[in-house]
Enquirer: 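My questions will all concern the structure given below.
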Amino acid sequence: MLHQGEHTVQRRAGLTRDRWGSARVGATVPPVAADFAGRQRLVVIAAADDAGAAWTGVITGPPGFVAAPDDRTLVVGRLPAAGDPLAGLFDAERDIGILMIEPGSRKRMRVNGRAGRDGDRLLVRTAQVYSNCPKYIQTRTYANETVRGDAVAGGELTAGQQRWIAGADTFFIGTYAPGQGADASHRGGNPGFVTVTGDRRLTWPDYTGNAMYMTLGNLELEPRCGLLFLDWENGDTLHLTGRARVDWDPDRAATVPGAKRLVDFSVERVVQISGGMGQRWAFGEYSRFNPEGMEEAPASSATAH
């Protein structure tokens, strides 16, 4: 089925290839994808709540906590924990976007479909299953587990949260569009690639990717989206929901190295969870695709949020 948002964005970007994007993605989980899922420790999920606000969260566990019992089903062996903005949403089945990412190998796989709670696990009926290229993924290796703490909510970014975002080299974005489902995707770059312009406003560059424009296609139809920033060293999570607007002005994009266009995000709600990731990961190296070349490994994390 043609995704009108993707089609519009592709044409605006100069791509004339037909059936490129979600229209060409299959629903089945091939054996290689099932094997990959079974090795993962980290699953990013995205969904909209009953009010239409989009949120992105993370579920973690030991290898084997994600499984594909058949070629149209994915089972995540845990649910979003208390305090996570997605906690409790899947008591009723709804659209979900899933990103499984293996930072050490720079491999990632996306699964979109419908999900509902099945006891203490998440049962997903797949609609789209596909892998992504390794661009802009910084390598990291699993270190250990963390203890989950309190969640603190607000309507704007604190000074500490602004520093966290300004120093980030990775974030995740969840989008959705009516009748098109939900999607979770990855964004990466050197520290500072996300610009904080106030306590309720962020901007990031859109770099060259696979030209499917599944994220931008959803935003073309529905600006509400959710962002997730992970404190990899300490395990804290920062969840933002708000609205994004893509700026196609080439002159403005030219001011940011590597940017094809810029995305402006207005913050509406913020949730920070101490230890919300449930894991710590050690930094390896930056992606060679990051504009402006390689950086040295970061010093300590920006926590003292």
Side-chain angles (χ1 to χ4, degrees), residues 40-47 49 53-62 65-66 76-91 98-101 103 117 120-122 138 140-174 184 186-188 191-192 194 196 198-200 202 225-242 265 267-284 297-305:
Q40 301 316 302
R41 295 178 179 271
L42 187 155
V43 176
V44 174
I45 65 172
D49 64 21
W55 292 98
T56 305
V58 61
I59 303 176
T60 56
F65 92 105
V66 181
V76 181
R78 296 181 178 181
L79 297 168
D84 189 303
L86 293 169
L89 287 186
F90 296 99
D91 290 349
I98 296 175
L99 172 68
M100 286 172 282
I101 187 166
R117 177 177 179 172
D120 59 358
R121 62 182 191 165
L122 202 58
Q138 330 317 334
R140 287 180 163 89
T141 54
Y142 170 78
N144 54 34
E145 302 292 307
T146 61
V147 177
R148 189 179 184 89
D150 294 333
V152 178
E156 59 189 30
L157 298 168
T158 67
Q161 290 165 348
Q162 292 179 50
R163 291 193 297 271
W164 178 352
I165 293 168
D169 59 43
T170 300
F171 73 91
F172 302 92
I173 179 169
H186 159 278
R187 293 292 183 270
V194 182
V196 182
D199 56 16
R200 297 188 65 180
L202 313 175
C225 58
L227 310 185
L228 171 68
F229 291 84
L230 301 178
D231 185 326
W232 299 89
E233 292 186 1
N234 292 283
D236 297 349
T237 59
L238 183 62
H239 311 254
L240 314 179
T241 190
F265 178 80
V267 177
E268 296 179 354
R269 290 165 61 199
V270 180
V271 176
Q272 180 178 332
I273 306 174
S274 173
M277 189 176 175
Q279 297 175 346
R280 295 186 179 94
W281 291 67
F283 179 83
S300 61
S301 132
T303 308
H305 299 313

Enquirer: What residue among Leu228, Val194, Leu240 forms side chain to side chain contact (heavy atoms under 4.5 Å, CB included) with Phe171?
Expert: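 Among the candidates, only Val194 passes.
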Enquirer: Out of curiosity, Ile98 CD1 to Leu122 CG, how far, rounded to the nearest 0.5 Å?
Expert: 6.5 Å
Enquirer: Nearest 0.5 Å, please: how far is CG in Leu238 from CG in Leu227?
Expert: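 Going from the CG atom of Leu227 to the CG atom of Leu238 covers 9.0 Å.
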Enquirer: Pair Ile101, Phe172 - check side-chain contact (heavy atoms from CB on, under 4.5 Å), show working.
Expert: CA-CA 11 Å; Ile101 187 166; Phe172 302 92; 4.3 Å; yes
Enquirer: Which pair of non-hydrogen atoms, one from Val43 and one from Val66, has the smallest distance, and what is that distance?
Expert: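 Here Val43 and Val66 meet closest at CG2-CG2, 3.6 Å.
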Enquirer: Compare all side-chain heavy atoms of Met277 with those of Leu42 and state whether any distance is below 4.5 angstrom.
Expert: yes
Enquirer: Using every non-hydrogen atom in the two residues, find where Arg121 and Leu79 come nearest and quote the distance to one decimal.
Expert: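 So the minimum-distance heavy-atom pair works out to O-CD2, 3.3 Å.
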Enquirer: Mind listing the closest non-hydrogen atom pair of Arg78 and Gly61 along with its distance?
Expert: NH1-CA, 3.6 Å
Enquirer: Drop me the distance from Trp281's CH2 to Arg41's CZ, to the nearest 0.5 angstrom.
Expert: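 One gets 6.5 Å once the value is rounded to the nearest 0.5 Å.
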Enquirer: Could you measure the distance from the CD atom of Gln162 to the CG atom of Leu202? Nearest 0.5 Å is fine.
Expert: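 The CD atom of Gln162 sits 8.5 Å away from the CG atom of Leu202.
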Enquirer: Is there side-chain contact between Arg269 and Trp55, with heavy atoms separated by less than 4.5 Å?
Expert: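 When only atoms from C-beta onward are counted, Trp55 and Arg269 do touch, with a gap below 4.5 Å.
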Enquirer: If you count every heavy atom of other residues, nucleotides or ligands that lies below 6.0 Å from Asn144 atom CG, does the total exceed 12?
Expert: yes
Enquirer: Is the side chain of Asp236 donor-acceptor paired with the backbone N or O of Gly275 at a distance under 3.5 Å, no angle test?
Expert: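 Yes.
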Enquirer: Which heavy atom of Leu86 sits nearest to which heavy atom of Gly57, and what is that distance?
Expert: CD1-N, 3.5 Å
Enquirer: State, yes or no, whether a side-chain contact exists between Ile273 and Arg148 at a heavy-atom distance under 4.5 Å.
Expert: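 Yes, side chains in contact.
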Enquirer: Before giving the answer on side-chain contact (heavy atoms from CB on, under 4.5 Å), spell out for His186 and Thr170 the whole-Å C-alpha distance, their side-chain angles and the decisive distance to 0.1 Å.
Expert: CA-CA 7 Å; His186 159 278; Thr170 300; 3.8 Å; yes
Enquirer: Identify the two heavy atoms, one from Ala81 and one from Ala87, that lie closest to each other, and give their separation to 0.1 Å.
Expert: O-CB, 3.2 Å
Enquirer: Within the structure provided, determine whether Arg140 and Asp169 are in side-chain contact (heavy-atom separation under 4.5 Å).
Expert: yes
Enquirer: Do Pro80 and Ile45 come within less than 4.5 Å of each other through their side chains, counting heavy atoms only?
Expert: yes
Enquirer: What closest approach, in Å, do Arg200 and Glu268 show between heavy atoms, and which atom pair accounts for it?
Expert: NH2-CA, 3.8 Å
Enquirer: Measure the shortest side-chain to side-chain distance between Trp164 and Gln272 over non-hydrogen atoms and say whether it is less than 4.5 angstrom.
Expert: yes
Enquirer: With a 4.5 Å heavy-atom cut-off, do Ile173 and Phe265 have their side chains touching?
Expert: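 In short, these two side chains do not touch, never coming nearer than 4.5 Å.
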Enquirer: Is the closest side-chain heavy-atom distance between Thr237 and His239 below 4.5 Å?
Expert: yes
Enquirer: Between CG of Asn234 and CD of Gln279, what distance do you get to the nearest 0.5 Å?
Expert: 14.0 Å
Enquirer: What's the spacing between Leu99 CG and Thr56 OG1 if we round to 0.5 Å?
Expert: 10.0 Å
